[in-house]
Amino acid sequence: MFVCKECGYKSQQRLGQCPYCGKWGTFIEEKISSRAAESRESVKISSLKPEEFFRIHSRIAEFDQLLGGGIVKGSVILIAGNPGIGKSTLLLQLVPEREKVLYVTGEESPSQVAQRARRIKAGEHFYLLSSRKLENAENEIERISPSIVIIDSVQSVVADASGGFSVSPAALRAVTSRITELAKTKNISFILSGHVTKEGVLQGPKIIEHIVDVVLYFEESPSKKHRILYSTKNRFGNTQEFVLFTISAAGLNVVDDPSKFFLSSFANVPGSVAVSAFQGSSPFIGEIQSLINRTSFQFPRRQVIGLDLNRVYLASAIIERIFGFKLYLFDIYLNVAGGIRITEPAADLAIAFSILSSYKKAPIDRRCAFAAEIGLGGELRGVSDLAGRVRKAEKLGFEKFFTATAGEKVKSKMKIFYCRNLKDCFDAVW
Ligand code: TYD
Ligand code: MG
């Protein structure tokens, strides 16, 4: 395999220019060891038992869930994020009480770590090693044989004279490969933090993603009040879940039900509409808001935050066509409250009603939730897992649910409005 040493792009051939980052002459050959056994005979797949993984539980149940049920023994997990986002805090909070854990920090002094551990009430039974040398960590692993090794950060233990976070990609990959080898041969789980560097993800964690088993990204919500942890790669589970945290002086706190948190600030004003959308594998209710003003520009503005702009163009064109409203005379601003991004077509109906509600200056009963895709003719199309969406909305206290006629019919205490098209739905809402 040939890997671009700038950005980690992989190719079967050595390329002159990297198609991903555009740099020239950056490809180096790398041996990708395959862990599949070499067999001479094929087997019937039905005769094979699925591989069972032994999993360790961390102190954050939602983190375990995100991984698919716990930290798999012998796996390597990378937590990537901007400096200052809270990686070290998260790592400390994860440390389970009952496991033997070695925490290697290349960035902080032992007293700094201890101080923070106390402040956030982390478990204090782990071993702490303050070192920038992987060798030292290896010696300690031999000595105390931990079941989990935390390395904060992977960049800091790269034996590199340059220091700082800007380590050479080759050195970073070498260290990560060595860690992976240790994990597999000694059956130790490693959790690494990795800084996303200013130049983008490219120089940092991206170039080691193919070596590790699980890649998690830790990010700030646009409102800056929350942290979102989600996975982009997981060898032992799916990558559908996410965990939402609030931050405080006492550390990170899991938000149990993100929809409840989104709804707490739900406004009963024109343009505010509850949308049933999927975030990963679970449905939640978000709030779409819109603002419509007479335009003073030659071309009316369409600005969105957290939504797909094209779907907003589509919804407004359909509204103009079906209701004859002159939206082209207005600037339209749409926003998803709570800084969450919703791009699935199922949000179409809520987008349309947010615009309609603003335009008519008529609030929508806040007990109504919406989920349907809108076709160009204004017809409504069904959405995935309507039953799941309805269940969630019901649980959160909603009473009316607007969706398409097509697709499954579900039982619920809520009144479900199955509408053929946007016009029908409009008549049912107002
Ligand atoms: P830190 O965990 O050190 O971030 P990283 O390891 O990603 O660089 O967190 C950065 C700062 O924010 C640190 O001073 C601690 C503070 N912080 C809190 O006070 N509460 C929190 O919940 C989090 C996540 C961070
Ligand atoms: Mg840190």
*asked:* Run Lys423 and Asp427 through salt bridge (Lys or Arg N to Asp or Glu O under 4.0 Å) and show every step you take.
replied: CA-CA 6 Å; Lys423 183 77 180 48; Asp427 294 337; 3.3 Å; yes
**Study point:** Distance-only donor-acceptor check, side chains Ser193 and Asp152, under 3.5 Å
**Key:** yes
Report task. Using the six-membered ring wherever Trp is involved, compare the ring planes of Phe245 and Phe218 and label them parallel, tilted or perpendicular (cut-offs 30° and 60°). Result -> perpendicular
Note: Arg227 and Leu252 closest approach over all heavy atoms is CG-CD2, 4.1 Å
Exercise for review: Please say whether more than 12 non-hydrogen atoms of neighbouring residues, nucleotides or ligands are located less than 6.0 Å from NZ in Lys326.
Suggested key: no
Looking only at heavy atoms, the pair that brings Ile332 and Ser316 closest together is CD1-CB, 4.2 Å
Between Ala362 and Ser357 the two heavy atoms that sit nearest each other are O-OG, 2.7 Å
**Report entry** Test item: Arg173 and Ile28 side chains (from C-beta on) under 4.5 Å apart, heavy atoms
**Finding:** yes
query = Can Lys409 be said to sit on top of Tyr418's aromatic six-ring, NZ or CZ under 6.0 Å from centre and within 45° of the ring axis?
reply = yes
Practice item. Spell out, as yes or no, whether a donor-acceptor pair under 3.5 Å connects the side chain of Thr403 to the backbone of Ala371. Key: yes
Looking only at heavy atoms, the pair that brings Thr176 and Ile208 closest together is OG1-CG2, 3.2 Å
The single option from Ile150, Thr105, Leu102, Ile151 that satisfies side chain to side chain contact (heavy atoms under 4.5 Å, CB included) with Leu129 is Leu102
Here the pair of heavy atoms bringing Ser189 nearest to Gly74 is OG-N, 3.4 Å
Original post:
Using 30° and 60° as the class limits, which term best fits the ring planes of Phe330 and Tyr359: parallel, tilted or perpendicular?
Top reply: perpendicular
Hey, do the aromatic rings of Phe2 and Phe27 have their centres closer than 6.0 Å?
no
